[in-house]
Structures are given as C-alpha cells and as structure tokens.
Protein chains: 2
Amino acid sequence: MARIKAGEAERESSVDKVEQILQGAMQEFLARGYAGASMDRVASRAGVSKATVYSHFQDKEGLFKTLIEQMATKRFQSVFGNQPPEGDPSVVLPKLAKAALAQMIDDQEHRAFMRVIIGESGRFPELAQVCVRCLPKPAIETVTQYLTAHPELNLPDPEATAWILIGTLMSFMNVQEMLHGKEIVPMESDRLIETLTYLIAGTANPKTE
Amino acid sequence: MARIKAGEAERESSVDKVEQILQGAMQEFLARGYAGASMDRVASRAGVSKATVYSHFQDKEGLFKTLIEQMATKRFQSVFGNQPPEGDPSVVLPKLAKAALAQMIDDQEHRAFMRVIIGESGRFPELAQVCVRCLPKPAIETVTQYLTAHPELNLPDPEATAWILIGTLMSFMNVQEMLHGKEIVPMESDRLIETLTYLIAGTANPKTE
DNA sequence: GTCTATAAGTAGATAGAC
DNA sequence: GTCTATCTACTTATAGAC
C-alpha cells in the first residue's frame with residue numbers, strides 16, 4: 001500500500017482513535033471492573049499506546065466515567081421499544097415482559113454492564129444514578145402510563161403496580177443469570193410472566209365483581 | 001502488665017488472630033471490592049502483619065472465598081425470621097415484607113456485601129451461588145410454603161407468586177438504595193407493600209367470584 | 001498526535017530472624 | 001506463630017523523541 005500524503009485512509013486519526021479507546025475500555029472495564037482494569041490493557045485492546053489514551057482522557061476515572069455515561073445513554077436506553085404499547089392488557093403485559101427479559105438475558109454485554117454498575121455504585125453513585133435514569137425509570141414510566149390508561153383493571157395504585165412488574169423482571173434476571181441461580185432457585189420465565197399477568201390483569205379478575 | 005508465662009490473657013494467639021484477620025478482611029473487601037482490596041490494608045486493619053495473614057490463608061483469593069462463605073452462612077442467613085409465619089395473609093404478607101425490607105435497607109453491611117457479590121459474580125460464580133442458597137432461596141421457599149398453605153387465595157402458582165413478592169422487594173432495595181435511585185424513581189415502600197398485598201391476597205380479591 | 005521509554009509507587013507473596 | 005524486610009511484577013501517569 002503506497003503511502004498517501006494525507007489521504008483519507010490515514011485521516012482516521014483523532015476521531016476514530018477516541019472511538020477505538022472507548023471500545024478497548026469497554027472490553028477491559030466490563031471484563032474486570034474498575035479496580036481490576038489496567039490502562040495498559042485498555043491501550044492494548046484499543047490498539048494504541050498508553051500515552052495516546054492519556055492524551056484523550058484525563059485519567060482512569062475520567063475514562064471510566066465517560067465510557068459508562070455513553071453506554072447508559074446510547075447503548076442501553078430503553079428496555080422496551082420506544083413507542084408506548086397499545087392493546088388488551090392480557091396480551092400487552094406478557095408481550096412487554098417477554099421482550100424485556102429477552103433483551104436483558106440474551107445480551108451478555110448488558111449483564112456485564114449491570115455487574116460493574118452495581119459493583120461500583122458505592123464508589124461512583126452518580127454513575128449508578130445515570131443508569132437508573134436510563135433503564136428502570138423509563139420502563140416504570142411506560143408501564144405506569146399503560147396501566148393508568150386502563151382503568152378497567154381497577155388497580156388502586158398503577159405506579160406501584162408498575163414497580164412490581166419491572167422489579168420482578170429485574171430480580172429474575174439478577175438471581176437467575178447474574179448470580180447464577182438457575183439451578184438453585186429454578187423458575188420458568190413463562191410461569192412468572194403468566195402469574196404477573198394474572199395478578200395484574202386477572203385471567204379471572206373481572207373488575208370488582 | 002506483668003508478663004505471664006502462658007497466661008490466658010496471652011492465649012488469644014492463633015484462634016483470635018484468624019478472627020481479627022477475617023474482621024479486617026471484611027472491612028477492606030466490603031469497602032473496596034475484591035480487586036480494589038489490598039492485603040497490606042487487610043493486615044493493617046486486622047492489626048497483624050501481612051505475613052501472619054498469609055500464614056493463615058493461602059492467598060488473597062482464598063481469604064476472600066473464606067470470608068464471603070462465612071458471611072453468607074453466618075451473618076446474612078434468613079431475610080425473614082426462622083419460623084414459618086402464621087395468620088391471615090392480609091396481615092402476614094405486609095408484616096413479612098416490612099421486616100425483610102427493613103433488614104435489607106437498615107443494614108449497611110448487607111448492602112456492601114450484596115454490591116461485592118454482584119460485582120464479583122462473573123469472576124466468582126460459586127460465591128454468588130452460595131449467596132443465592134442463603135438469601136433468596138429460603139425466602140422464596142418460606143413464602144411459597146405459606147401461600148400454598150392458604151388455598152383460599154386461589155393462586156394458580158404459589159411459587160411464581162413468591163418469586164414476585166421477593167423479587168419486588170429485592171429490586172426495590174437494589175434501585176432505591178444500592179443504585180441511589182430514591183430521588184429519581186421515588187416510591188414509598190408502604191405503597192409497594194400495600195399493592196403487593198392487594199394483588200396477592202386481594203383487598204377486593206374474593207376468590208373467583 | 002502518537003509513539004517509546006521510564007519514573008514513582010504499590011501490588012501479592014515469601015525468606016528468615018526470633 | 002508472628003514479626004520485619006524484601007523480591008518481583010505490575011500499576012498509573014508522564015517526559016521527550018518524532
């Protein structure tokens with residue numbers, strides 16, 4: 001490959017280097033956590049020298065904060081789709097729950113991300129809060145709106161009910177996948193979802209009657 | 001203090017030293033996580049030399065595993081009391097839930113412990129499983145037994161219902177306390193507990209009718 | 001802007017005196 | 001059994017060449 005004086009193939013410098021560094025930082029921080037990550041390995045994974053990493057980010061903490069904030073706002077925005085759901089609760093609730101569970105469980109990066117966030121939530125509380133704003137908050141709000149829009153369910157407290165729905169799914173993911181509890185406390189996700197739907201929308205829950 | 005040849009006051013050696021080391025290790029590991037913890041600081045917090053730490057435990061990993069297993073089995077056994085609950089569901093369920101939440105939220109050490117366990121669950125899956133066996137498993141089993149013993153509740157799946165109860169409480173703790181979400185997704189624990197009780201035991205949940 | 005080389009400090013772990 | 005002193009490897013971060 002002939003060298004071009006300042007060709008496009010070489011103009012990937014600065015901008016793309018930052019992206020490379022963030023990619024390498026993601027691999028390293030998600031694999032080893034904040035304290036366990038090494039800036040040498042970040043640089044190595046990114047394919048740049050360590051000095052280049054430090055020329056774009058102030059220090060390890062700054063790189064970590066930038067990475068986590070970017071992942072929270074870009075990569076893992078909404079557990080559900082973007083538009084509010086419509087239709088009969090006995091159809092919509094299981095569909096919503098299945099979609100949320102599938103997205104959390106199938107995505108290995110998502111699990112590693114949550115592990116790091118929770119593990120570092122004592123030392124980086126503001127990062128934990130960014131994640132609360134991007135993950136459970138929109139999910140709870142979406143479900144609350146949907147439940148409020150269905151007064152025929154006769155729910156005394158739609159917001160608390162939304163907490164119960166989302167909280168159950170989050171805990172299921174936590175215990176079964178993150179804490180490796182599948183064989184210790186076995187539970188089919190479909191049973192959980194059916195029971196949630198039954199309790200909230202009531203297979204046999206005809207209003208007050 | 002005169003020196004006694006082998007007096008009781010000095011016989012605290014070996015046995016108590018191990019206890020001191022585990023105490024120091026607990027402070028250090030809970031404060032900084034596994035990777036962030038230093039064996040120098042463990043020794044310093046324990047009031048012994050580092051060599052003494054290594055004479056009682058093989059290495060950092062061995063000390064960590066011993067500590068976590070001991071804490072899981074001794075310190076944080078049951079979220080609920082030991083004996084199975086009795087009485088009317090509309091009374092027992094809120095009482096149980098309040099007790100569990102109070103114990104999790106008020107105990108700062110418990111929160112730090114859960115943070116470390118989740119944060120390290122990728123690198124120490126067997127430790128995570130020990131905690132699943134000691135914490136959510138007995139809680140879910142207790143509630144499942146109680147719900148099964150009350151067929152008048154007409155629950156199609158008591159075990160899944162127990163998951164929902166325990167999972168909701170765990171997630172509430174997770175989001176509100178561990179991830180510092182109290183101001184971002186506000187929710188009164190009493191509203192959550194009342195709604196859980198309503199959905200499961202039904203203020204207005206008269207059997208199928 | 002990016003690199004190589006290195007500074008300065010701390011990590012886990014052990015040898016050997018007592 | 002417990003200590004002090006030490007070894008080696010690795011850590012974050014930067015200086016200076018190009």
Side-chain angles (χ1 to χ4, degrees), chain A residues 1 3-29 31-68 116 120 123-124, chain B residues 1 3-29 31-68 116 120 123-124:
Chain A
M1 320 280 188
R3 182 154 43 86
I4 310 171
K5 45 184 187 288
E8 291 146 34
E10 286 184 345
R11 201 172 263 311
E12 16 109 6
S13 300
S14 262
V15 178
D16 283 349
K17 283 275 161 72
V18 169
E19 199 46 51
Q20 283 178 42
I21 293 169
L22 285 170
Q23 271 288 326
M26 187 183 81
Q27 293 172 25
E28 177 71 5
F29 281 122
R32 299 177 177 252
Y34 177 74
S38 124
M39 295 296 271
D40 279 284
R41 281 188 296 262
V42 168
S44 165
R45 294 180 121 128
V48 301
S49 77
K50 198 163 44 160
T52 302
V53 175
Y54 278 96
S55 81
H56 288 282
F57 299 92
Q58 196 184 15
D59 54 14
K60 188 183 183 181
E61 188 171 320
L63 173 58
F64 183 65
K65 286 182 177 169
T66 304
L67 173 75
I68 297 295
V116 173
E120 303 298 338
R123 281 167 293 273
F124 297 96
Chain B
M1 320 281 189
R3 182 154 44 86
I4 309 172
K5 46 181 185 291
E8 292 147 33
E10 284 184 346
R11 202 173 259 314
E12 17 110 5
S13 300
S14 260
V15 176
D16 283 350
K17 282 275 160 74
V18 169
E19 199 46 50
Q20 282 177 43
I21 293 168
L22 284 169
Q23 271 289 325
M26 186 183 82
Q27 292 172 27
E28 177 71 5
F29 281 122
R32 297 177 178 252
Y34 177 74
S38 123
M39 295 297 271
D40 280 283
R41 280 188 296 263
V42 167
S44 165
R45 294 179 119 129
V48 301
S49 77
K50 195 162 48 160
T52 301
V53 175
Y54 277 96
S55 80
H56 288 282
F57 298 91
Q58 197 184 14
D59 54 13
K60 187 182 183 182
E61 189 172 319
L63 174 58
F64 183 64
K65 285 181 178 169
T66 304
L67 173 75
I68 297 295
V116 174
E120 303 297 338
R123 281 167 293 271
F124 297 95

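Just so you know, these numbers come straight off a predicted model, no measurement behind them. In what follows, chains are A, B, ... by sequence order, proteins preceding strands, each numbered from 1. In what follows, every heavy atom counts, from backbone to side chain, and hydrogens, waters and symmetry copies are set aside.
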Original post:
Once you round it to whole Å, what is the distance between C1' of C:dG1 and OH of A:Y54?
Top reply: 18 Å
**OP:** Identify, with sequence neighbours excluded, every residue that meets side-chain contact (heavy atoms from CB on, under 4.5 Å) alongside A:Q27.
**Re:** A:Q23, A:R45
Original post:
From B:L67 CG over to B:E28 CD, what is the distance, rounded to the nearest 0.5 angstrom?
Top reply: 11.5 Å
**OP:** Starting from C1' on D:dG1, measure out to CD1 on B:I21 and report it in whole angstrom.
**Re:** 11 Å
Subject >> Distance (rounded to the nearest 0.5 Å) between B:Q20 CD and B:T52 OG1 >> reply: 9.5 Å
Subject >> B:T52 vs D:dT2: side-chain N/O to OP1/OP2 distance below 4.0 Å >> reply: no
Subject >> Contact summary for A:Y34 and A:K60, nearest pair of heavy atoms >> reply: O-NZ, 2.9 Å
Original post:
Starting at CD of B:Q20 and ending at C1' of D:dT2, how long is that distance when rounded to a whole Å?
Top reply: 12 Å
**OP:** Nearest 0.5 Å please: distance from the CZ atom of A:F29 over to the CG atom of A:L63.
**Re:** 5.0 Å
Original post:
Rounded to whole angstrom units, what separation is found between the NE2 atom of A:H56 and the P atom of C:dG1?
Top reply: 7 Å
Subject >> B:L63 CG to C:dA11 P, straight-line distance once rounded to whole Å >> reply: 15 Å
**OP:** Report the residue (B:G47 or A:Q58) whose heavy-atom-nearest nucleotide on DNA chain D is the more 5′ of the two.
**Re:** B:G47
Subject >> Rounded distance [0.5 Å steps], NZ in A:K17 versus CG in A:L22 >> reply: 14.0 Å
Polar atom pairs between nucleotides 6-11 of chain D and protein, under 3.5 Å, N or O only, would you list them?
residue	atom	partner	partner atom	Å
D:dT11	OP1	A:R41	NH1	3.4

Original post:
Rounded to whole angstrom units, what separation is found between the NZ atom of B:K17 and the P atom of D:dC3?
Top reply: 5 Å
